[in-house]
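Below is one structure, written out as structure tokens, with a few remarks after it.
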Amino acid sequence: MRYDLVIFDNDGVLVDSEPLSNTILAAYLTELGHPTSYEDSLRDYMGSAVHRIHDLVRERTGQALPADFDDVFHARVFAAFERELTAVNGVTEVLEKLRADGVPYCVASSGSHERIRVGHRRTGLDRWFTDGIVFSAQDVGTGKPAPDLFLHAAERMGVAPERCVVVEDSRLGVQAALAAGMDVYGFTAMTAATELAGVNGHFGAMEELPALLV
């Protein structure tokens with residue numbers, strides 16, 4: 001394999017959480033008086049840290065979200081995760097191959113550590129991701145599209161950015177990976193290829209990924 005580290009995004013790449021979380025986010029923002037469709041949520045917030053929601057609402061309306069917004073939103077998302085979250089089809093086989101080939105990997109997510117862990121426990125992916133290879137925007141204070149999270153993950157894993165490859169499914173995540181000086185492959189299960197500009201390649205099914213990395 002031509003990379004020394006594979007960095008996975010989490011939501012939409014490892015766990016099939018984007019439909020659940022964006023449905024809940026759109027409904028909650030609408031409930032709070034900020035009409036938001038599911039499509040709006042995907043366009044504006046998919047792949048971002050929660051602080052982006054606060055920033056965009058304040059920028060667009062001049063209003064601040066409630067102080068308990070994060071807690072309420074996460075509680076609703078976690079409850080949905082426990083009911084119906086699944087792993088992305090084929091991702092376990094990809095992880096099995098990477099481990100068998102001795103290729104280091106990690107996850108770098110805009111979501112909180114708690115969100116990552118809840119999703120991994122529910123889907124059984126926790127056996128593939130120990131604490132030392134789980135990185136969150138919480139660790140750096142700035143979410144995607146800033147490169148900070150990916151650079152932090154590479155540094156902690158002891159790999160130069162140019163030897164890393166990122167697996168992403170969001171426009172913001174791709175922008176972050178490119179800004180970090182890393183190769184990136186765009187997963188198009190939920191996002192059109194045209195939205196993932198600048199990637200090294202696209203793939204629509206997880207079983208296609210290993211062939212792209214060699």
Original post:
Are Y45 and L42 linked, directly or through other ILVMFWY residues, by side chains that come within less than 4.5 angstrom of each other?
Top reply: no

Original post:
Do V134 and H113 come close enough that some side-chain heavy atom pair is under 4.5 Å?
Top reply: yes

Subject >> ring-ring contact (aromatic ring centres under 6.0 Å, His included) against F135, all qualifying residues, sequence neighbours excluded >> reply: H152

**OP:** Return the orientation label for the F78 and F81 ring planes: parallel under 30°, perpendicular over 60°, tilted otherwise.
**Re:** tilted

**OP:** Can you tell me which residue pairs pass the ring pair (Phe, Tyr, Trp, His ring centres under 6.0 Å) test with a partner in residues 154-174, sequence neighbours excluded?
**Re:** none

Original post:
What about L25 and V118, same hydrophobic cluster or not, with Ile/Leu/Val/Met/Phe/Trp/Tyr joined at side-chain heavy-atom distances under 4.5 Å?
Top reply: yes

Without placing hydrogens or testing angles, list every side-chain donor-acceptor pair under 3.5 Å for residues 61-70, not counting sequence neighbours.
unit_1	atom_1	unit_2	atom_2	d
T61	OG1	V57	O	2.7
T61	OG1	Q63	N	3.1
D70	OD1	H54	NE2	2.7

**OP:** For the pair S109 (side chain) and S136 (backbone), establish whether a donor and an acceptor sit closer than 3.5 Å, ignoring hydrogens and angles.
**Re:** no

**OP:** If a pair satisfies ring pair (Phe, Tyr, Trp, His ring centres under 6.0 Å) and one of its residues is in residues 171-199, list it, with sequence neighbours excluded.
**Re:** F187-F203

Original post:
Which pairs with one or both residues in residues 97-122 pass salt bridge (charged side-chain N to carboxylate O under 4.0 Å, His left out), sequence neighbours excluded?
Top reply: D11-R115, K97-D101, R117-D131

Original post:
Is there a side-chain contact between D139 and R156, using heavy atoms and a 4.5 Å cut-off?
Top reply: no

**OP:** Report yes or no: does R171 contribute a side-chain atom to a donor-acceptor pair with the main-chain N or O of R43 at less than 3.5 Å?
**Re:** yes

**OP:** Using modelled atom types only, decide if a donor and an acceptor are shared between the side chain of Y3 and the backbone of V103 within a distance under 3.5 Å.
**Re:** no

Original post:
Are any side-chain N or O atoms of N200 and backbone N or O atoms of V184, one a donor and one an acceptor, separated by less than 3.5 Å?
Top reply: yes

Give every donor-acceptor pair under 3.5 Å between a side-chain atom in residues 205-214 and any protein atom, sequence neighbours left out.
unit_1	atom_1	unit_2	atom_2	d
E208	OE1	G204	N	3.3

